Amino acid sequence: MRYAVLARAMAMTGTLLSGLAWHGAARAVEGLWMPAQWPELASALKQSGLRATPKQLAQWTDPKGDPLGAVVPLGGCTASFVSSKGLLLTNHHCALGAIALNSTSQRNLLRDGFKTGTNNEEVSAGPNARIYVLDSVQDVTQKVQSALVSAADPAARMAALDALEKQLVSECERTPGYGCRLYSYFGGNRFELQRSLEIRDLRLVYAPPEGIGNFGGENDNWMWPRHTGDFAFYRAYVGKDGRPAPYAIDNVPYQPKRWLKIADKPLGAGDFVALAGFPSLTNRYAMADDFQANAEWTYPTVAAHYKRLAALVEAESRKNPQTQAKYAATVRGWLGAAKNYESQIESFRRAGTAQLKRNEENELLQWLRGKGAAGQPALDAHARLVDLGNQARAERDRDLILGQLAATGALWNAAQLYRGAIERAKPDAQRENGFHDRDRGAFENGFKQFDRRSDVRVDRQILNYWLHEYVKLGKEHRVAAIDQWLEGDDEKAIKRALDKIGKSRMLGVEQRAGWLNAERASFESKDALKDAALGFAVAAMPTLLQMEQEIRTRAGETLAARPLYLKALADFRKSVGRAAYPDANGSLRLSYGTVTAYTKDNGTRQLPFTRVEEIAARNSGAAPFAAPQTLLGAISAKRFGALADKRLESVPVNFLSDLDITGGNSGSPVLDGQGKLVGIAFDSNWESVSASWLFDPAATRTISVDQRYMRWIMQEAFPAPRLLAEMGVPASGR
């Protein structure tokens with residue numbers, strides 16, 4: 001199910017501030033800065049090694065200019081244009097969905113890689129693949145705040161926000177081909193309506209074999225040193241008239257106004273670097289109770305579920321290579337998240353994060369109490385936020401399990417179709433996000449593509465897992481309608497339910513299509529309820545809708561309390577001279593720093609670059625350390641050419657920097673002071689896993705693919721001379 005209200009509320013009421021420095025003496029580069037803030041950082045940028053005139057600094061403030069206009073969001077990742085013909089560079093792991101979509105049992109693109117000799121050989125990344133090229137930014141702060149002030153209660157406040165957001169977006173999207181989104185900054189002190197060109201025809205152009213693009217696999221995730229060629233290319237296409245259009249064979253490459261140039265100077269230790277991307281969410285100054293709930297329940301609970309689910313799918317994948325390709329992105333996501341969460345828990349313990357958070361919050365509260373009556377509104381807001389957090393956690397086990405059941409296999413199809421019928425009965429403006437008329441194409445495509453990314457046998461095992469988790473819940477946390485649907489809580493009841501789901505009409509493409517326009521009454525008919533998946537959807541929907549309403553009500557109360565609390569936090573931090581930037585919310589941000597090493601907890605000093613010879617040394621011939629023979633041969637023959645770094649006497653693979661990143665920054669371009677491409681960010685070190693909550697400048701590092709390794713792969717190991725020429729670099733590397 002969709003929980004757009006929750007996602008929006010989290011983004012719009014997120015943390016206001018984060019200190020520029022956490023450990024006073026350390027050189028800090030913390031900050032996910034809005035482009036408009038870039039000139040304010042002139043002094044700090046200079047200290048980091050940037051040598052630029054005021055005019056050059058000003059260029060970075062324009063999100064449509066050079067180089068930021070080349071950077072676009074890509075489905076939870078970031079990508080950037082690297083040619084005038086719509087060529088897009090991103091991470092290999094960000095392209096896994098497209099790789100899986102175009103793989104078959106006879107043609108495994110994940111294992112073997114994918115490259116093209118002409119545009120005609122490029123394949124669709126899927127009907128729901130999107131990029132958004134920024135067109136305009138409008139400050140709508142006064143409109144939003146006026147709507148919130150006039151609301152009488154939390155429900156009315158959220159309704160007012162929903163209504164205004166839908167109105168603004170609807171008016172903004174009147175011109176076909178554009179998508180619009182409302183962003184909140186600084187806890188609701190600034191609101192922007194951003195309009196972007198919505199390009200709907202993306203095609204996979206190039207992806208190296210898994211032995212390059214995911215060398216080291218999950219073993220190396222969050223680790224350093226790294227030797228991963230985590231890069232891939234898409235191309236954006238539009239209709240012959242230059243306007244966005246769905247996939248069509250006669251579409252033409254999009255011609256961006258801005259694209260990145262490949263750096264012409266070798267990157268070295270100590271060099272200035274900047275990063276542009278679309279970080280999703282940070283909680284650097286979340287309340288202590290919220291942090292504790294994540295550290296003690298959410299992270300360990302979800303990590304354990306993900307690891308068990310991944311094991312189930314991997315066991316089935318070993319029997320069928322096609323299944324492995326279908327679920328590669330899902331399993332990698334599960335395992336990556338699980339490792340991330342477990343590493344964060346350990347990092348929290350190591351750094352004493354819980355106590356740091358509690359101490360800082362207590363300092364703020366003490367400061368407010370010292371202000372007498374003037375501090376009382378913020379103190380009251382803090383108390384209310386604590387209470388709202390407790391409410392949100394009251395049914396967290398049930399909410400997690402029920403949400404996962406409704407998001408799996410045939411049950412997902414049924415729940416989405418039933419919810420669609422409920423929403424269609426409303427005027428378009430009153431529908432939940434994802435169910436508007438403008439969403440119709442993406443909604444239908446999801447069902448058409450479902451079988452290409454799903455397997456009935458695997459989904460049965462996943463459903464079996466979550467049904468067992470459901471029956472473990474205490475009776476007071478169960479849902480009566482679902483208990484009635486399940487008809488028991490023993491093994492026989494679960495097997496019976498799974499057998500019935502296996503016969504559901506929701507498993508057939510044509511049968512699903514027949515329900516796309518069905519009215520609500522059809523889903524609730526006696527005949528429909530005989531279908532186990534449809535029966536579950538009808539049984540679960542009241543609770544799912546109730547969950548959404550509870551989230552909505554709490555979000556409405558948060559919209560009133562959070563700004564007061566964050567304003568107090570802003571004043572408190574200002575009193576100690578700390579710089580401010582808004583928490584990540586999915587909008588374009590900049591970070592800056594230098595290429596630099598660090599020292600691990602065990603005292604070992606880490607070099608800032610890895611070299612191709614280290615790949616050969618680590619190669620075992622078995623996944624995930626199975627490099628292609630073409631790559632090993634090129635290393636052995638030292639066919640490095642001009643791509644070798646004289647200081648390293650080799651081709652650099654990955655490099656470290658102290659750039660500030662978080663989820664959503666995967667695929668973000670790493671730029672030099674001239675805005676030219678020196679690398680692509682793809683991961684952080686283990687010590688950085690808790691950076692969404694706490695930034696430690698002494699140990700936090702970003703891991704990126706060096707553009708020289710990317711070019712070397714495209715020259716020697718998995719040749720793509722056409723793309724090298726298109727990017728304006730010689731195939732010889734000379």
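Treat the numbers as computed from the prediction; the structure is a model and nothing was measured. In what follows, every heavy atom counts, from backbone to side chain, and hydrogens, waters and symmetry copies are set aside.
The pair D289-R358 meets the salt-bridge criterion, with a side-chain N (NZ, NE, NH1 or NH2) lying under 4.0 Å from an Asp/Glu carboxylate O. E687 and R350 are not joined by a salt bridge, as no carboxylate oxygen comes within less than 4.0 angstrom of a charged side-chain nitrogen. Between D220 and R618 there is a salt bridge, with a side-chain nitrogen of the basic residue lying less than 4.0 Å from a carboxylate oxygen of the acidic one. Looking at R284 and E30, a side-chain N of the basic residue comes within less than 4.0 Å of a carboxylate O on the acidic one, giving a salt bridge. Residues D264 and K676 are paired through a salt bridge, judged by an N-O separation under 4.0 Å between the basic side chain and the carboxylate. Salt-bridge check for R226 with D683: passed, with a basic side-chain N closer than 4.0 Å to an acidic carboxylate O.
Surrounding CD of Q629 are at most 12 heavy atoms belonging to other residues, nucleotides or ligands under 6.0 Å away.
In this structure, the side chain of S688 engages the main chain of R701 through a donor-acceptor pair within 3.5 Å.
Residues passing the salt bridge (Lys or Arg N to Asp or Glu O under 4.0 Å) test with R111, sequence neighbours excluded: none. For F718, the ring pair (Phe, Tyr, Trp, His ring centres under 6.0 Å) criterion is met by Y206, not counting sequence neighbours. For Y341, the ring pair (Phe, Tyr, Trp, His ring centres under 6.0 Å) test picks out Y299, with sequence neighbours left out. Residues passing the salt bridge (Lys or Arg N to Asp or Glu O under 4.0 Å) test with E342 are K307, sequence neighbours excluded. Residues meeting the side-chain contact (heavy atoms from CB on, under 4.5 Å) test with S666, sequence neighbours left out: C77, N91, H93, C94. In this structure, the side-chain contact (heavy atoms from CB on, under 4.5 Å) partners of N602, at least two apart in sequence or on a different chain, are K600, T604.
Between V678 and D706 the shortest side-chain heavy-atom distance does not fall below 4.5 Å. Residues W693 and N294 have side chains in contact (heavy-atom distance under 4.5 Å, counting atoms from C-beta outward).
Ring geometry, F640 versus W712: the interplanar angle exceeds 60°, so the pair is classed perpendicular (tilted spans 30 to 60°). Ring geometry for F233 versus F231: interplanar angle over 60°, hence perpendicular rather than tilted (30 to 60°).
Annotation: W222 is not in aromatic contact with W686 [ring centroid separation under 6.0 Å not met].
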Legend entry - Trace of the side chain to side chain donor-acceptor pair (under 3.5 Å) decision for Y185 with S587: CA-CA 10 Å; Y185 301 90; S587 63; 3.2 Å; yes
Inset, instruction - Determine, step by step, whether V72 and Y132 satisfy the side chain to side chain contact (heavy atoms under 4.5 Å, CB included) criterion, reporting the C-alpha distance in whole Å, the side-chain angles of both residues, the deciding distance to 0.1 Å, and the verdict. - result: CA-CA 6 Å; V72 295; Y132 296 87; over 6 Å; no
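L590 pairs with exactly one of L68, L671, D660 by the side chain to side chain contact (heavy atoms under 4.5 Å, CB included) rule, that one being L68.
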